[in-house]
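Values in this document were obtained by computation on a predicted structure and should not be read as measured data.
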Amino acid sequence: MCAPLRVGALALAGVLALAGCQKSPGASGSLNDTSASQSPAGHGRIFLGVDDCASRGKGFTEVPCTSEKARARVIARYDGRQSEGPACPGPTDFVLHISESRPAFDEDGDGSVPKGYACMRNLESPHPGDPGGGGGPRTVVGDCVYTAGKGEVREAACDGSGKNKPEFKVRSAVKDRAKCPASTELYVQLGGGKPVGCAEPV
C-alpha cells in the first residue's frame, strides 16, 4: 500500500490503482485553498469561531450571519496547521487558513489571534464538499474523480457539470482493499476507520 500523501487544504488522499499507486494532488477549485489574515471585526468571542460567518471578496472577514455580505459559515475551527490537526467534517466546502496576527482586538485579550484553520460551508449552493460535488478538502463515499495525469486523479462533479468529466465514483469505504467488491477498479485512500475507498467506472 502506498504511503499517504501530505494532507493540505487541497488534499484528496493518495489514490491506489490495481496495477500500482496513483497520487492525487487534491481537489481542484479556487475555494479550497484560501486564507484569512484581516483583523477580527469583533462579531464573535473567537475570530471565525464555530457558527460565525465570513464575507468573501479580496479576502475574508468575519461578519454577522444575518448580514447580506455573509457567504459561508464556520462548521469547525482548529488551531495550528491543517496538516497536523483534525480533518474537517465531510460537508466542508472549503478551508480557510487563518494567519497569526496581533490586532487591536482579539478574542482573549492577549493581543494575538493564533494561526489555525476554519472548515467552511457555503450558506447557499453550490456545495462542492457534498458527495459528488466535485470539490471540498476531503474525498468521501459518493465523490467522483478523473485522471489528471500519469498516476494522478482529481475530483470531478458527478453530474458532469464541471470542467472535467468524472471517470470513477467512490462507491464504498472499507478497512482494507480485500473487502472491496470485484467491480472495483480504483482504490482511494480516505483515512479514518475505513481508509480505503472502492471506486468503479461511471
Side-chain angles (χ1 to χ4, degrees), residues 2 4-19 21-36 53-57 60 70-76 82-83 86-97 117-174 177 180-181 183-192 194-202:
C2 296
L5 295 177
R6 176 181 174 274
V7 178
L10 295 178
L12 291 176
V15 178
L16 313 176
L18 285 175
C21 295
Q22 287 187 331
K23 294 181 180 178
S24 170
S28 58
S30 60
L31 292 183
N32 291 322
D33 189 10
T34 52
S35 62
C53 290
S55 64
R56 185 161 50 226
F60 284 77
R71 295 292 178 265
R73 184 185 301 271
V74 180
I75 59 174
Q82 184 185 3
S83 60
C88 282
T92 301
D93 287 327
F94 64 99
V95 178
L96 248 180
H97 293 272
Y117 57 101
C119 308
M120 308 295 293
R121 174 86 173 168
N122 292 330
L123 293 178
E124 298 179 358
S125 296
H127 293 291
D130 285 351
R138 297 178 57 191
T139 302
V140 297
V141 173
D143 278 339
C144 293
V145 297
Y146 70 95
T147 304
K150 186 177 180 180
E152 295 183 355
V153 297
R154 292 178 185 256
E155 280 192 36
C158 288
D159 63 6
S161 62
K163 178 181 176 182
N164 299 286
K165 300 303 178 189
E167 297 175 7
F168 299 91
K169 184 171 185 176
V170 180
R171 300 287 183 181
S172 59
V174 296
R177 291 170 58 167
C180 282
S183 55
T184 301
E185 291 192 14
L186 196 70
Y187 299 92
V188 183
Q189 189 173 344
L190 304 177
K194 294 183 176 179
V196 180
C198 312
E200 302 174 9
V202 294

Asker: Measure the CZ-SG distance between Arg138 and Cys88 for me, rounded to the nearest 0.5 Å.
Answerer: 8.5 Å
Asker: So do Val95 and Gln82 actually touch side chain to side chain, heavy atoms under 4.5 Å?
Answerer: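 They are in side-chain contact.
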Asker: Can you check whether Gly160's main-chain N or O pairs, donor with acceptor, with Lys165's side chain at less than 3.5 Å?
Answerer: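 Such a contact is found between Lys165 side chain and Gly160 backbone.
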Asker: Going by side chain to side chain donor-acceptor pair (under 3.5 Å), name the residues that satisfy it together with Ser161, two or more places apart in sequence or in a different chain.
Answerer: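 Counting only residues at least two positions away or on another chain, Ser161 forms a side chain to side chain donor-acceptor pair (under 3.5 Å) with Asp159.
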Asker: Should Asn122 and Arg56 count as side-chain neighbours, where that means a heavy-atom distance under 4.5 Å?
Answerer: yes
Asker: Check this for me: does any side-chain nitrogen of one of Arg121 and Asp130 sit under 4.0 Å from a carboxylate oxygen of the other?
Answerer: yes
Asker: Using the test ring-ring contact (aromatic ring centres under 6.0 Å, His included), find all partners of Phe168 that sit at least two apart in sequence or belong to another chain.
Answerer: none
Asker: Given Val74 and Met120, is the side chain to side chain contact (heavy atoms under 4.5 Å, CB included) satisfied, shown in steps?
Answerer: CA-CA 5 Å; Val74 180; Met120 308 295 293; 3.5 Å; yes
Asker: Does any part of the side chain of Val174, heavy atoms only, come nearer than 4.5 Å to the side chain of Cys198, both counted from C-beta?
Answerer: yes
Asker: Taking Gly129's backbone N and O only, do any of them form a donor-acceptor pair with Asp93's side chain (distance below 3.5 Å, no angle check)?
Answerer: yes
Asker: If you measure from OG1 on Thr147 to CD on Glu167, what distance do you get to the nearest 0.5 Å?
Answerer: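 Here the rounded value is 4.0 Å.
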Asker: For a 4.5 angstrom cut-off between non-hydrogen side-chain atoms, does Ile75 reach Thr92?
Answerer: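 Answer yes - side chains close enough.
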Asker: Atom SG of Cys144 and atom CG of Asn164: how far apart are they, to the nearest 0.5 Å?
Answerer: 12.5 Å
Asker: Heavy atoms only: give me the nearest Tyr146-Ala156 pair and the separation to one decimal.
Answerer: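 Looking at all heavy atoms of both residues, the closest pair is CD2-CB, 3.6 Å.
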Asker: Looking only at heavy atoms, which two atoms of Val141 and Ser172 are closest? And how far apart?
Answerer: CG2-C, 3.7 Å
Asker: Sequence neighbours excluded, which residues qualify as salt bridge (Lys or Arg N to Asp or Glu O under 4.0 Å) partners of Arg71?
Answerer: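 With sequence neighbours excluded, Arg71 shows a salt bridge (Lys or Arg N to Asp or Glu O under 4.0 Å) to no residue whatsoever.
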Asker: Distance from Cys180 atom SG to Glu200 atom CD, nearest 0.5 Å?
Answerer: 9.0 Å
Asker: With side chains defined as the heavy atoms from C-beta onward, is the minimum distance between His127 and Pro91 less than 4.5 Å?
Answerer: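 Side-chain contact under 4.5 Å: no.
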